[in-house]
2 protein chains.
Amino acid sequence: MHTRALNTPTAMPVSFPRSERLAPGVANPALGGNACTRCRLRQRCLPTGLSEENLREFSTLIFSPRRVKAGQALYRAGDAFDAIYLVRRGFLKSIMLGEAGREQITGFHTEGDVVGIDAIGSERRTTEMVALEDSEVCGIPYARLEDMSRHIPALQRYLHRQLSEEIVRNHSMMFLLGTMRAEERLASFLLSLSERLTARGFSPSEFILRMTREEIGSFLGMKLETVSRAFSKFQREGMILVESKHVRLLDPEALQRLIGRQAQPQ
Amino acid sequence: MHTRALNTPTAMPVSFPRSERLAPGVANPALGGNACTRCRLRQRCLPTGLSEENLREFSTLIFSPRRVKAGQALYRAGDAFDAIYLVRRGFLKSIMLGEAGREQITGFHTEGDVVGIDAIGSERRTTEMVALEDSEVCGIPYARLEDMSRHIPALQRYLHRQLSEEIVRNHSMMFLLGTMRAEERLASFLLSLSERLTARGFSPSEFILRMTREEIGSFLGMKLETVSRAFSKFQREGMILVESKHVRLLDPEALQRLIGRQAQPQ
DNA sequence: CGTAAGCTTGACAAAGTTCAACGATTGTGG
DNA sequence: CCACAATCGTTGAACTTTGTCAAGCTTACG
């Protein structure tokens, strides 16, 4: 039935950009110093423009990959902030906790993403990072990264770009939460998910949601029932096919149009 | 009535990042290169822990203060990103523009704040910064700041702290927009405004709003009528006194309680 | 195989928006 | 300096969107 690879943990991407693959499951030679240069994600996660020597030096920074099982936390609010992480495999959510048991998901993260960078400047974590499926991350001790970025300009630029991207993402999220209605939010969510998966070599139109309706709702600032109804409506109107976690976008332009219409001057 | 001296920095062209390309960051003759050490805001806006020498060097980075009149833009979306700014006086809003004329205010800024830092990593501005009252900002060319932060660790830390604070602020905003109801948002807004003003030595309980109801609404993701009604309700219940832009907090604890109650487990 | 978790849907309630009217304030040009 | 226009703020009433509660169904899992 499916002709395209889905974004399941087992499926390999169909057209992985510059596919440079290590046999899946092969243990990373612990701190080999050049582990990164052989990583299948190096195009995506490493700073560009490093010399061979710099790359080797950078490589020594990195902790050997750490596993985080589904449901487990990579870090919790209150933990000391001492490292940022590169997601090597899997899928995670970051959560912000407030008073009265209120909480909100502030992001979903998958392979190639840098996570945990938001705590820079504070001593402790203010958010929590929890795996939604079995995942693997590479830690980079932040103090050493900061040091090293002082004499490797490309690394400094890399760090700043990551921070900047975090800020830009947050801004679009504020925009979404501040100006869009429920259906627009969901449409926007689906399109951006599709975009991110495409950039990783997966099918742009068909994917598996790794999170529950409740988690989508938390992220988008709405209740799970509203998420569910919006999914059903999109399906009824022929824009998507949805069956539980399995989604297929039939008419992305329609979703885009749904977002675009609103509010003209005067 | 203000007196206007035509040969002061006041007369700077509005579009200076584009046209005024020469000598960015050259020490301002009028201010003698150590202007910062004598600035009334130095405790608040400068990096801490700089040696005398470093401080002097940092000082040479800074453009002489530039005025932005109420209603004018410091920069617009699409402008080249080449500097960040320290607000020396006044009050500004940052705006994010979307399709279909949608827009959202993503922040309000006043003296001592660092603004325009969000575009790091991109070539161009993605947001717009507009003065709500006559304001004055000091520009810092970003490229040179990045350079200099390489050999002055305290400066690097300063930069990272600013970025981090931006991220943390954005997260609380996402939390507010994602989990709070209209009245909670407004209460939260008032309390944080009070907090910020207190930190600047103003009265914690009485202040003048520099923005309209519509701007508050845009920031908080609600309509101006809803803002107005919430104000009226707070007043009716004795929590605040409000008369147009003039606000007095009578019972901050009640506002705090209003936010705190909601949602228990199971 | 039974229980828990997740998803969908309906009916109703609550919150927020829209539209409209009107008063107050501000700013501008005569 | 006044008069007029424009902007801003408040409030009511009708309406729309979203949340709440409840039921039933499916799927996952021990």
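Reckoned from all heavy atoms, side chains included, excluding hydrogens, waters and symmetry mates. Just so we're on the same page: letters track the sequence lines, and every chain starts at 1.
As rounded to whole Å, 22 Å separates atom P of C/dA11 from atom NZ of A/Lys223. The distance from atom CZ of A/Arg229 to atom C1' of D/dT18 is 9 Å, rounded to the nearest whole Å. The interatomic distance linking A/Gln235 (CD) with C/dC7 (P) rounds to 15 Å, in whole Å. Atom CG of B/Leu132 is separated from atom C1' of D/dC8 by 14 Å (rounded to the nearest Å). Rounded to a whole Å, the CG atom of B/Leu224 is 10 Å from the P atom of D/dC8. Taking atom CZ on B/Arg181 and atom P on C/dA13, their separation rounds to 17 Å, with Å as the unit. A/Lys245 places its NZ atom 13 Å from the P atom of D/dT27, with the value rounded to the nearest Å. Atom CZ in B/Phe231 sits about 12 Å away from atom C1' in D/dT10, given to the nearest Å.
Residue A/Arg213 places its side chain closer to C/dT8 than to any other of D/dG9, C/dT17, C/dT8. With distances taken from any side-chain atom of A/Met222 to the nucleotides D/dG19, C/dT9, C/dT17, the minimum falls on D/dG19.
Residues B/Lys93 and B/Arg210 have side chains not in contact (no heavy-atom distance under 4.5 Å, counting atoms from C-beta outward). With contacts defined as side-chain heavy-atom distances shorter than 4.5 Å, the pair B/Met129/B/Val137 does not qualify. Looking at heavy atoms from C-beta onward, B/Leu209 lies out of side-chain contact with B/Val242 at the 4.5 angstrom threshold.
Nucleic acid contact for A/Ser228: base, since at least one base atom lies under 4.0 Å from a heavy atom of the residue. Contacts of B/Thr226 with the nucleic acid, taken as non-hydrogen atoms under 4.0 Å apart, include base atoms.
Between the B/Thr198 side chain and the B/Ser194 main chain, a donor and an acceptor come within less than 3.5 Å of each other.
We find that B/Arg89 and B/Glu111 are not joined by a salt bridge, their nearest charged nitrogen and carboxylate oxygen being 4.0 Å or further apart.
For the pair B/Glu214 and A/Ala182, nearest-nucleotide mapping onto DNA chain D gives the more 5' position to B/Glu214. Summary of the strand contacts: A/Ser244 and A/Gly221 both lie near DNA chain D, and taking for each the nucleotide with the nearest heavy atom, the more 5' one is attributed to A/Gly221.
For a distance-only test at 3.5 Å, the side chain of B/Glu215 fails to qualify as a donor-acceptor partner of the base of D/dC8.
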